[in-house]
Amino acid sequence: MHDAFEHVPILEKLPLQIECIATHGEYLLVGTRQGHLLVYSLKNATGENRFKADLRSSNKLFSKKPILQLAVVEEFNLLISLSDAVVNCHHLDTFVFRSSLAKTKGATFFAVDLVVRKTSSVFDPSPPFELKLCAAVKKKIQLYTWQKGEFQETPPELGLPDIVRAVAWAGPDNLCVGFKREYSIIKVSTGSTTDLFSTGKHLEPTIATLPDGGLILCRDDMSIITDVAGKHIQKQSLTWSDTPIAIDYVAPYVIGILPKYVEVRTISPRALIQSMELQKPRFVAKGKHIFIASNSYVWRLVPVSFPMQIQQLLQDKQFNLALMLAELVEEPTAEKARRKENIQNLYAFELFCQKRFDESLQLFARLQTDPAQVIGLFPDLLPPDFRKQLEYPDLPPDLKPSEVEKGYVALIEYLTQKRNELIKAADVADENQKDPAEQPSELDIKAQKNLRQRQQIIDTTLLKCYLQTNDALVSSLLRLKDNSCHVEESERVLMKYKKYKELVVLYQTKGLHKKALDLLLRQAQKASGPLKGHQKTVQYLQRLGREHLKLIFDFSVWVLKAHPDDGLKIFTEDLPEVEGLPRDQVLEHIELNAKDLVIRYLEHVIFIWFEPTSKFHNKLINCYREKVQLLMNEYLDSLHPGEKPVPPGSEPGELGELRGRLLFLLETSKHYQAETLLTHFQESFYYERALLLGRVGRHEEALSIYIHILNDPKLAEEYCLRTYSEEREGSSDVYVSLLRLYLEPADVRDTPVKPNIPAALNVLKEHHQKISTAKALELLPSNIEVREVYEFLMDVLKGKEIKRKRSQVLRSLLYAEHLQIQEQRMFYQARKIIITEERVCRECHKRIGNSAFAYYPSGEIKHYYCYKDPDASTIQEVALPSLKNGAFTEQTPFNQ
């Protein structure tokens, strides 16, 4: 508890019995049982008596009966009283009788409501206030309004089930009525009644109103808070030490008059603030000042200043009430905001000390407290030197391990929220910097630095919290592109918890690739652990890209030597970073450190990535050749005497496989340099040499190998079939070359070769359509009989005849198409446009004259040079017109 009020005696041992009191301005009005109205003026005094009460007037003739109730309406200079069971009105300044409400004879209670009118304009003549009065007369309620200097009754009267013991206005249209046994709400406009709840065992109703129209209704030693309709708006009721005799509300307190005490309580938070022991208090009155009265004593309640109350509340750690009072302090807005923020910060710290981490951190988040200040409440999250610089209202509490974990869970939610806010703030700052080339000011640089520092503290702390609560989230945090974890601090804590996998992720996101690869190398050699083996290194190197080529080469050596197959994947994986590596440098690296992998790398580059550079094709062909040469020597040595080698590509084992791939590459690739390779393919590589000779256009030499060295006419014919082309120069006479080799063979290895007339005649028979007849006849020896070439000549003549007939048909079709086109041209030229002196351009409105023009199907025309729209497909363009029979006629129309 704290002191919200000081009670100071004003009147003591008054000889007249007090029945009611009221106050206005600096005056205290006392109504007595003897009917006297005593008016006191209050002044400040010195010494023990803080106030001096001077009796200004004693109206002994105010009433012949006890004055039971007084109400002051300063706005209308009106004093309303209840005495002799009648409501009377007096002038407030002179207390002279003004009028009496005769119909209120027998009244037991009245209530006054003063409402501020909402004026529609400055010219509205109606008074700014509306005064309403209700009087409880036996089992009825009479309603009155103040009009033209007097109260006028507002019908109808409201019938009641019992005699009214208390009544109060609840808003402009509701009355709360207290009977002996219950409370009810009466709607004035309709007269409808809503029963609320009983008055309890005490059987006496006590009502007070709140500034928003709400009600405080007493039930024995409880006070229930309702709205204007009587619905509960407070889950818990106010509980008094005894049944209140009277209550009133003085923001933010409820003052309850108990038989032996005056208690001061608050509604929210629900608390006992102060208890004052007074001699049988009975009445309370509030106005400019607050007064408490008994039968013969009057005390004044002097509020303790709100700043002093707040200071006392903060010492008692009653922060909610301190915030409530801070809202009521009359001071500049900025000062009030600072005061409230300070209280809330103290409250958040206290919540943390009470281990209410969720509430504490949520409040810190709303207050926009520096995250470092919040993080510093937890042990071991900030560097010791940095944490020592932070100031707190008291030492942060020591937390048990279970409390630390619970606090970390709340801290993670807080930091995640703050992290998102900082990211948005950074995005806004980037958007506000319109010109990237513009140099930022010193303030901008400082703000960016502070922003980065906060992000670094938040992300590093999040990392530590995840390690303690849910380490599965560590990698997710570190993989974020915008993570700002402090490298050294994160490295230290990850090493402490042996989170090597996550440490690699940290190095990777921060660009510290050498550190990551060193760690992978060390951990790969351990028998157990998340990073054992070489696969992590392979995957890491595959993602680096060409800008880190030296690192890739340096750390791929041990993988290439220890695990060649997986080492090759560093340079052949189907990833953009791998495919973008400089292939010539990679080839040199592999050739230097893993020569056995060169062929596989080149095969991947050529057949998977379709590398067109001749250097790689030449290299792969030579590698095949070298490997085949070694294997072929072994193969030939293994043959038995007289045993012939099998055809190329059919050899057993690796030799056949490699030679087949060599022949396939020579046949299909268009990117190798045959001239350069020919010098390397001599004896034992006749098949390969023939392909190379064919590639450089030396078809006769290639065919000579097939016919005279390999003795395989079938391969020669396949070669011709593969090579022949009428359009390609040097390939149209390949069959003539074959024919020449059969009819005019050269010596092979100084051994004369006889002409092969049957083979030559067979070529003429099978491929007569691909052989020049004249050249073939020139090659045939003179001793060849006509019957031997008869079939050839007949086939040639038939072919010529077929070609002639096809040409005639084609000529006829083309002529028919020509006639159709001419007919269409004549149709279009039949249309004409007459250009007269009056015809003007649609665009520039000048005469067309002899200018070229374009026209619309609708007949509108414009100059050709005025026509600017290339998308206007409905306009037809017209070439220079010719004058014929007084009209311009289209010469070459076409649609644009």
Side-chain angles (χ1 to χ4, degrees), residues 371 375 380-383 408-409 411-413 415-416 418-420 422-423 426 452-556 558-559 563 566-567 569-571 573-578 580-581:
I375 295 167
D380 303 326
L381 289 181
L382 291 177
Y408 280 176
V409 172
L411 183 60
I412 287 171
E413 184 177 352
L415 292 176
T416 303
K418 284 296 171 184
R419 188 178 194 279
N420 294 334
L422 291 179
I423 290 173
R452 285 194 299 270
Q453 185 179 17
R454 283 191 176 188
Q455 290 176 327
Q456 192 176 71
I457 292 173
I458 287 173
D459 284 0
T460 308
T461 306
L462 268 175
L463 174 67
K464 295 179 179 180
C465 292
Y466 286 153
L467 285 170
Q468 296 260 9
T469 58
N470 187 358
D471 56 4
L473 296 174
V474 173
S475 294
S476 301
L477 172 64
L478 294 174
R479 285 194 178 94
L480 293 174
K481 292 183 179 180
D482 55 0
N483 96 76
S484 303
C485 292
H486 188 273
V487 176
E488 289 78 9
E489 185 66 16
S490 301
E491 183 181 34
R492 181 188 66 79
V493 70
L494 288 171
M495 289 292 287
K496 175 183 176 182
Y497 287 93
K498 297 182 179 180
K499 296 292 182 180
Y500 302 116
K501 186 177 178 181
E502 289 77 4
L503 187 55
V504 170
V505 176
L506 172 68
Y507 289 146
Q508 187 175 19
T509 54
K510 296 301 180 181
L512 302 173
H513 303 298
K514 189 175 185 306
K515 278 193 168 187
L517 290 166
D518 281 331
L519 179 61
L520 287 171
L521 178 58
R522 293 195 303 270
Q523 294 297 317
Q525 299 169 1
K526 295 185 177 181
S528 61
L531 300 180
K532 66 178 180 179
H534 60 282
Q535 289 294 343
K536 296 293 183 183
T537 301
V538 172
Q539 293 168 7
Y540 196 101
L541 292 173
Q542 287 171 343
R543 293 291 183 180
L544 285 181
R546 65 184 303 154
E547 61 270 21
H548 301 289
L549 189 62
K550 187 177 185 306
L551 276 177
I552 296 174
F553 286 168
D554 290 344
F555 285 92
S556 64
W558 74 272
V559 185
H563 308 277
D566 291 332
K569 290 181 182 179
I570 297 172
F571 306 101
E573 193 68 23
D574 189 16
L575 293 170
E577 295 87 351
V578 175
L581 295 176

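Here the CG-CD1 distance, from L480 to I423, works out to 7.5 Å after rounding to the nearest 0.5 Å. Interatomic distance, NE2 of H534 versus CG of L520, reported as 12.5 Å (0.5 Å rounding). Atom CD1 of I375 sits about 6.0 Å away from atom CD1 of I458, to the nearest 0.5 Å. Note: E491 CD to K496 NZ = 15.0 Å, rounded to the nearest 0.5 Å. In this structure, the separation between NE2 on H563 and CH2 on W558 is 6.0 Å, given to the nearest 0.5 Å. Considering CG of D459 and NZ of K418, their distance stands at 14.5 Å, rounded to 0.5 Å.
By the 4.5 Å heavy-atom criterion applied to side chains, L462 and L473 are not counted as neighbours. L541 places a side-chain heavy atom less than 4.5 Å from the side chain of L517. In this structure, the side chains of T537 and I570 stay at 4.5 Å or more apart for every pair of heavy atoms. Proximity of L477 to C485: side-chain heavy atoms (C-beta onward) are separated by under 4.5 Å at one or more points. The shortest distance between side-chain heavy atoms of S476 and Y466 does not fall below 4.5 Å.
Proximity of a side-chain donor or acceptor of N483 to a complementary backbone N or O of R479 within less than 3.5 Å is not detected. Without hydrogens or angle criteria, S556 side chain to F553 main chain gives a donor-acceptor distance under 3.5 Å. A donor-acceptor pair under 3.5 Å links the side-chain atoms of K464 to the main chain of L381, judged by distance alone. T469 places no side-chain N or O within donor-acceptor distance of the main-chain N or O of V409, the cut-off being under 3.5 Å. In this structure, E573 contributes its side chain and V578 its backbone to no donor-acceptor pair below 3.5 Å. A donor-acceptor pair is defined here as one N or O able to donate and one able to accept, closer than 3.5 Å; no such pair exists between the side chain of S490 and the backbone of V487.
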Run the salt bridge (Lys or Arg N to Asp or Glu O under 4.0 Å) test on D518 and K515 for me, step by step, so that the C-alpha distance in whole Å, both residues' side-chain angles and the decisive distance to 0.1 Å come before the verdict.
CA-CA 5 Å; D518 281 331; K515 278 193 168 187; over 6 Å; no
Test D482 against R419 for salt bridge (Lys or Arg N to Asp or Glu O under 4.0 Å), laying out the working first.
CA-CA 10 Å; D482 55 0; R419 188 178 194 279; 3.2 Å; yes
Take V474 and V505, measure what side chain to side chain contact (heavy atoms under 4.5 Å, CB included) needs, and give me the verdict at the end.
CA-CA 10 Å; V474 173; V505 176; over 6 Å; no
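For the residue pair G580 and R546, the shortest heavy atom distance occurs at O-NH1, 3.1 Å. In this structure, A426 and Q455 approach most closely via the heavy-atom pair CB-NE2, 4.4 Å. Across all non-hydrogen atoms, the minimal contact from V559 to D566 is CG1-C, 4.4 Å. When every heavy atom of E502 is checked against every heavy atom of S475, the shortest pair comes out as CG-OG, 3.4 Å. The minimum heavy-atom distance linking Y497 with Q468 is given by the pair OH-NE2, 3.1 Å.
The local environment of NZ in K501 is sparse, with at most 12 non-hydrogen atoms from other residues, nucleotides or ligands closer than 6.0 Å. Within a 6.0 Å sphere centred on CG of D380, heavy atoms belonging to other residues, nucleotides or ligands number 12 at most.
Partner of V493 under the side-chain contact (heavy atoms from CB on, under 4.5 Å) criterion, chosen from L503, T460, L463: L463.
Classification of the H513-H548 ring pair by plane angle, with boundaries at 30° and 60°, yields perpendicular.
A cation-pi geometry, defined here as NZ or CZ lying under 6.0 Å from the six-membered ring centre and within 45° of its normal, holds between K526 and Y500.
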